[in-house]
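Here the structure comes first, spelled out in structure tokens, and everything after it is commentary.
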Amino acid sequence: LLLVNKTVGTLSAYHAGIVASNAFLEAITGQNVSIPTSPKIQLADMVVKFDTFSVRLNDKFNSQNLPLRIRNFSNTFSFDFLSMSVYNSRYPQYLMAEGVYLGNYSTGKFNLTNDCTEADLEILGDRFVAAGLKMRQHGFFEPTSKAGKKKMFAKFAWRFSSVMAQKYYKKIMEDKHIDIEVSHNHQVNKFGHFWSSVFMIAVAYPYIFIHGETIKGCMWFLGSHAIRQSGHFFYEQQDKDIEKRKFGHKDKSKKKAAAALLGAGVLYHSRAVIYEHLWSQFGDLIPNLRVDQYVG
């Protein structure tokens with residue numbers, strides 16, 4: 001098969017777009033004799049028609065004291081909102097209620113084709129004004145002060161924070177409920193968890209955070225946690241269900257964690273003996289230097 005490379009860009013690989021562009025350029029330059037009226041004249045008439053539409057519509061907005069203005073470049077239009085309201089972006093929704101749909105890509109930009117007649121533009125302008133009058137009647141054009149904006153943003157921030165906090169709280173409670181249901185059924189395991197929590201709260205944490213005895217507090221915490229995990233190690237049955245294993249319960253990691261904690265406790269308790277043994281075996285390999293010699 002022959003691999004053909006294409007340069008992809010604006011219309012560069014779109015055959016129909018290239019054909020239409022060539023036909024348009026031929027019409028503009030007068031090469032297409034099948035068009036009775038010169039495209040240049042059609043475009044000039046279109047610009048005048050839409051410029052007139054903008055002027056008339058702005059006069060209507062002004063006569064109704066609406067904080068709206070429209071501006072255009074040829075057949076491309078956009079709205080100017082003269083009121084410093086945070087609800088200006090609702091105007092297209094009021095236009096939709098009047099049967100005018102601008103598009104799904106902006107809050108106030110739209111294009112019109114040259115097929116629009118003067119009568120069509122008159123009806124369209126009246127609907128623009130009617131949408132503005134209803135929006136003003138509902139109070140959405142009222143200017144918003146800086147203090148009001150700050151209050152509104154603070155309210156939004158509080159609502160967002162509270163909703164997210166509730167969401168995470170419910171998720172945590174759901175996880176805890178599943179945790180209890182799938183891996184805390186044995187009475188011995190429940191007993192171990194209860195007294196583990198008691199010793200952590202009543203003994204380990206006070207040693208660490210109140211008395212400042214971190215080593216002693218960590219040892220109490222280690223012992224309490226070993227009691228906590230012993231129920232999973234000895235009494236809980238293995239459960240291979242994926243939805244339950246995803247929480248990390250009743251699988252090999254529990255046994256590895258319990259063994260690692262026990263090993264850490266043994267190493268810390270026998271640290272002096274282990275140090276003497278290692279020093280007697282490998283002490284000659286370690287240079288016995290003073291602190292200043294190490295630094296130097």
Side-chain angles (χ1 to χ4, degrees), residues 4-143:
V4 179
N5 293 325
K6 292 183 178 181
T7 302
V8 179
T10 304
L11 301 179
S12 63
Y14 180 37
H15 181 264
I18 295 176
V19 172
S21 299
N22 288 333
F24 175 77
L25 294 175
E26 288 177 357
I28 292 296
T29 57
Q31 299 179 23
N32 193 335
V33 296
S34 62
I35 301 177
T37 306
S38 170
K40 292 183 178 180
I41 297 177
Q42 294 185 41
L43 290 174
D45 292 342
M46 182 188 71
V47 170
V48 172
K49 178 172 60 177
F50 290 140
D51 286 348
T52 303
F53 167 70
S54 294
V55 172
R56 290 178 178 175
L57 182 55
N58 285 332
D59 290 339
K60 291 181 179 180
F61 285 148
N62 186 46
S63 64
Q64 296 292 337
N65 293 321
L66 289 173
L68 286 168
R69 295 295 183 270
I70 195 171
R71 56 182 175 177
N72 72 296
F73 177 79
S74 184
N75 67 325
T76 302
F77 297 83
S78 63
F79 285 104
D80 283 338
F81 297 97
L82 307 183
S83 174
M84 298 298 293
S85 172
V86 295
Y87 301 106
N88 286 331
S89 59
R90 300 200 61 171
Y91 183 62
Q93 299 177 14
Y94 278 86
L95 288 174
M96 291 174 63
E98 296 294 327
V100 179
Y101 181 67
L102 300 182
N104 59 353
Y105 50 84
S106 74
T107 59
K109 296 180 180 179
F110 63 97
N111 296 331
L112 294 177
T113 67
N114 199 23
D115 296 330
C116 295
T117 64
E118 296 289 344
D120 296 332
L121 294 176
E122 188 69 21
I123 295 173
L124 185 63
D126 291 340
R127 295 190 178 185
F128 282 156
V129 173
L133 291 174
K134 285 186 179 180
M135 185 169 172
R136 184 179 66 183
Q137 180 183 356
H138 294 162
F140 289 113
F141 278 137
E142 293 297 326

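Side-chain contact check for N65 versus R136: some heavy-atom pair is nearer than 4.5 Å. With a 4.5 Å cut-off on side-chain heavy atoms, F79 and F110 count as touching. Annotation: side chain of L68 is in contact with side chain of F141 (closest heavy-atom distance under 4.5 Å). Side-chain contact between E142 and S83 is absent, with no heavy atoms from C-beta onward closer than 4.5 Å.
With sequence neighbours left out, R69 forms a side chain to side chain contact (heavy atoms under 4.5 Å, CB included) with N58, F61, N62, D80, L82. In this view, M96 and Y101 satisfy the side chain to side chain contact (heavy atoms under 4.5 Å, CB included) rule, not counting sequence neighbours.
Under a 3.5 Å cut-off, the side chain of D51 and the backbone N or O of V48 do not form any donor-acceptor pair. For S85 (side chain) and F140 (main-chain N/O), a donor-acceptor pair under 3.5 Å exists by modelled atom type. Between the side chain of N114 and the backbone N or O of L43, no donor-acceptor pair lies under 3.5 Å.
The structure places CD1 of I70 at 14.0 Å from CZ of R56, a figure rounded to the nearest 0.5 Å. Atom CD of Q93 is separated from atom OH of Y87 by 12.5 Å, given to the nearest 0.5 angstrom. Between the OG1 atom in T76 and the CG atom in N111 there is a gap of 4.0 Å [rounded to 0.5 Å]. Atoms NZ and OG, from K49 and S54 in turn, are 12.5 Å apart once rounded to the nearest 0.5 Å.
The heavy-atom pair separating N88 from P92 by the smallest distance is O-CD, 4.3 Å.
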Contacts table for residues 121-134: side-chain donor-acceptor under 3.5 angstrom, sequence neighbours left out:
unit_1, atom_1, unit_2, atom_2, d
E122, OE2, K60, NZ, 2.9
D126, OD1, K60, NZ, 2.8
R127, NH1, E98, O, 3.3
K134, NZ, E98, OE2, 3.1

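Ring geometry for F81 versus Y91: interplanar angle over 60°, hence perpendicular rather than tilted (30 to 60°).
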